[in-house]
Amino acid sequence: QSGNLLSNKVAVPYSHAKLESSIEISRRFAQKFGAEDSPKGVEKLRACDAYQLWETGFFSSDVTVQAPLAFWATLDGTVLPLDPETALKNGEYNKADYLMGFNKNEGMVFLSETSTPEGADWFVRQVFGEKEQEVKEYYKNQGMEGLSFVPDLVTYAYFKAGITKMMEELAQQGNPVYGYQFDFTPDGNYPMKELGPHHAVDILYVFDTIPASGLTEGKYDGLVAEQMHTMWCNFIANGNPNTGFAPPIKKMWERFKINE
């Protein structure tokens, strides 16, 4: 599963992770179709044209594009009965072996040629609310203003923070967790390698599909792909990336430990 439940934006982006905000955005979304918060209102929405629903709830992959009614489609009638963060803390989840992580430059693909500093301000305000100035001051002190801080902020807020918290909680409860940060930059003819280890580029290596994707491997692409593919397959088969087939680099993948 790509993504992270603890990013707090599973269904309603920009809700500040608050139920009240999610309900308010949902209410304004429904009002666009003359629907109220009631069973009849739900039936009215279900009768609406799917394209109109998508267009109204449009959410751009460029996080600086303003989308005040952003509302992601989900399985109708299927919900998590508990708040994910509370359920995790209370151990109310299916026990398993866990492998999870994020890419170093996840946020690099969430800007575009039309991104603007004004849009970046809007994004921070929507995600962090009253903490907007605190977040911007943090990055300003690191010499990052305008659009320059957005990729790092998206990496942290959408991926790293929630995944790290999830790994820490699972490990604290005694679950086997294997965590990773993918920081390898493709060195073949991958067309977006100037973005570094961005969102989803690790898929090429996990599934070892660089040549199958019509790309040419560089000096280390094949080695990294074989290493990752082998250890992922070992994890799938045995719940442990170190057990099973031998990867080209003999290095133990230690379990995630809190505060390390």
Side-chain angles (χ1 to χ4, degrees), residues 1-18 22 59-65 67 70 72 74 80 83-85 87-89 93 96 98-112 115 119-120 122-129 131-132 134-136 138-139 142 144 147-172 175 177-186 190 192-207 224 228 231-232 235 241 253 256-260:
Q1 174 65 44
S2 177
N4 172 28
L5 287 175
L6 299 188
S7 67
N8 296 318
K9 304 169 185 68
V10 174
V12 185
Y14 312 135
S15 63
H16 304 172
K18 295 179 181 177
S22 297
F59 178 72
S60 174
S61 59
D62 180 344
V63 297
T64 69
V65 174
W72 292 345
T74 187
L80 290 173
D83 171 72
E85 198 167 343
L88 179 64
K89 187 174 182 179
Y93 53 85
Y98 300 93
L99 187 157
M100 61 185 73
F102 48 86
N103 296 353
K104 184 179 180 180
N105 292 1
E106 294 273 7
M108 290 297 292
V109 295
F110 293 91
L111 290 176
S112 71
S115 300
W122 177 85
F123 167 66
V124 177
R125 186 161 53 251
Q126 291 300 310
V127 174
F128 291 95
K131 292 184 179 294
E132 174 192 358
E134 182 180 339
V135 171
K136 291 165 69 174
Y138 168 81
Y139 281 106
Q142 300 184 58
M144 301 169 70
L147 291 170
S148 62
F149 69 88
V150 174
D152 184 76
L153 180 59
V154 172
T155 297
Y156 183 81
Y158 279 21
F159 301 95
K160 185 175 181 178
I163 290 174
T164 301
K165 184 172 185 177
M166 193 169 187
M167 290 193 294
E168 288 177 343
E169 191 63 57
L170 288 169
Q172 178 69 42
N175 295 287
V177 180
Y178 296 91
Y180 71 91
Q181 174 180 276
F182 183 75
D183 60 4
F184 177 74
T185 297
Y190 181 70
M192 295 167 60
K193 62 182 179 182
E194 72 277 3
L195 300 181
H198 64 76
H199 179 59
V201 73
D202 53 327
I203 294 173
L204 287 169
Y205 298 87
V206 170
F207 290 96
V224 174
M228 291 184 68
M231 300 192 88
W232 254 254
F235 176 81
W253 188 342
F256 175 82
K257 297 181 178 64
I258 299 174
N259 299 323
E260 288 191 5

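The model shown is predicted, which means the values in this text are computed figures rather than measured ones.
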Novice: Nearest 0.5 Å, what's the OG-CG distance between Ser60 and Leu111?
Specialist: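 Between atom OG of Ser60 and atom CG of Leu111 there are 10.0 Å.
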
Novice: On the 0 to 90° scale, with breaks at 30° and 60°, tag the Phe123-Tyr158 ring pair as parallel, tilted or perpendicular.
Specialist: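 Rings of Phe123 and Tyr158: perpendicular, as their planes differ by over 60°.
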
Novice: Which atom pair, heavy atoms only, marks the closest approach of Phe184 to Tyr205?
Specialist: CE2-OH, 3.5 Å

Novice: Can you give me the closest heavy-atom contact between Thr185 and Pro197, atom names plus distance?
Specialist: OG1-CD, 3.5 Å

Novice: For the rings on Phe159 and Phe102, is their centre-to-centre separation under 6.0 Å?
Specialist: no

Novice: Compare every heavy atom of Ile258 with every heavy atom of Glu168, then report the nearest pair and how far apart it is.
Specialist: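 Closest pair (atom of Glu168, atom of Ile258, distance): O-CD1, 3.6 Å.
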
Novice: Does any non-hydrogen side-chain atom of Val109 lie less than 4.5 Å from one of Met192?
Specialist: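 In contact.
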
Novice: If you compare all heavy atoms of Met228 against all heavy atoms of Val206, which two are closest, and at what distance to 0.1 Å?
Specialist: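 Minimum heavy-atom contact is CE-CG2, 3.6 Å.
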
Novice: Testing the basics here: between Leu170 and Met100, what is the closest heavy-atom pair and its distance to 0.1 Å?
Specialist: CD1-CE, 3.7 Å

Novice: For Lys136 and Val124, run side-chain contact (heavy atoms from CB on, under 4.5 Å): C-alpha distance rounded to whole Å, both residues' side-chain angles, the deciding distance at 0.1 Å, then the answer.
Specialist: CA-CA 8 Å; Lys136 291 165 69 174; Val124 177; 4.2 Å; yes

Novice: Tell me if the NZ atom of Lys193 is crowded by more than 12 foreign heavy atoms within 6.0 Å.
Specialist: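 Atom NZ in Lys193 is packed in, count exceeds 12.
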
Novice: Between Ser112 and Ser115, which heavy-atom pair has the shortest distance, and what is it?
Specialist: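 Reported closest heavy-atom pair: N-OG, 2.8 Å.
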
Novice: Dump the intermediate steps for side-chain contact (heavy atoms from CB on, under 4.5 Å) on Leu99 and Trp232, then the final yes or no.
Specialist: CA-CA 9 Å; Leu99 187 157; Trp232 254 254; 3.4 Å; yes

Novice: Just wondering, are more than 12 heavy atoms of other shown residues or ligands nearer than 6.0 Å to CD in Gln181?
Specialist: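 Count over threshold, so yes.
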
Novice: Are there over 12 heavy-atom neighbours, none belonging to Lys257, within less than 6.0 Å of that residue's NZ?
Specialist: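 For Lys257, atom NZ is crowded (more than 12 foreign heavy atoms under 6.0 Å).
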
Novice: Show the numbers, then the answer: is there a side-chain contact (heavy atoms from CB on, under 4.5 Å) between Glu106 and Asn103?
Specialist: CA-CA 5 Å; Glu106 294 273 7; Asn103 296 353; 3.6 Å; yes

Novice: For Asn175, what residues pass the side chain to side chain donor-acceptor pair (under 3.5 Å) criterion, not counting sequence neighbours?
Specialist: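 For Asn175, the residues satisfying side chain to side chain donor-acceptor pair (under 3.5 Å) (neighbours in sequence not counted) are Tyr93.
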
Novice: Let me confirm one number: the CD-CH2 distance from Glu132 to Trp122, rounded to the nearest 0.5 Å.
Specialist: 12.0 Å

Novice: So does Gly179 get a backbone contact from the side chain of Trp253, meaning a donor-acceptor N/O pair under 3.5 Å?
Specialist: yes

Novice: Tell me every residue that passes side chain to side chain donor-acceptor pair (under 3.5 Å) with Tyr98, counting only those two or more places apart in sequence or in another chain.
Specialist: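 In terms of side chain to side chain donor-acceptor pair (under 3.5 Å), with neighbours along the sequence ignored, Tyr98 is linked to no residue.
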
Novice: What verdict does the side-chain contact (heavy atoms from CB on, under 4.5 Å) test give for Asn105 and Leu195, after you've listed the backbone C-alpha separation in whole Å, the side-chain angles of each residue and the deciding distance to 0.1 Å?
Specialist: CA-CA 7 Å; Asn105 292 1; Leu195 300 181; over 6 Å; no

Novice: Can you measure from OH (Tyr178) to CE (Met167) and round to the nearest 0.5 angstrom?
Specialist: 13.5 Å

Novice: For Tyr138 and Gln142, does a side-chain donor sit closer than 3.5 Å to a side-chain acceptor?
Specialist: yes

Novice: Phe235: what forms a ring pair (Phe, Tyr, Trp, His ring centres under 6.0 Å) with it, not counting sequence neighbours?
Specialist: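 With neighbours one apart ignored, the set is empty.
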
Novice: So with a 6.0 Å cut-off around OH of Tyr180, is the heavy-atom count from everything else above 12?
Specialist: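 Yes - once you tally the heavy atoms of other residues, nucleotides and ligands closer than 6.0 Å, there are more than 12.
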
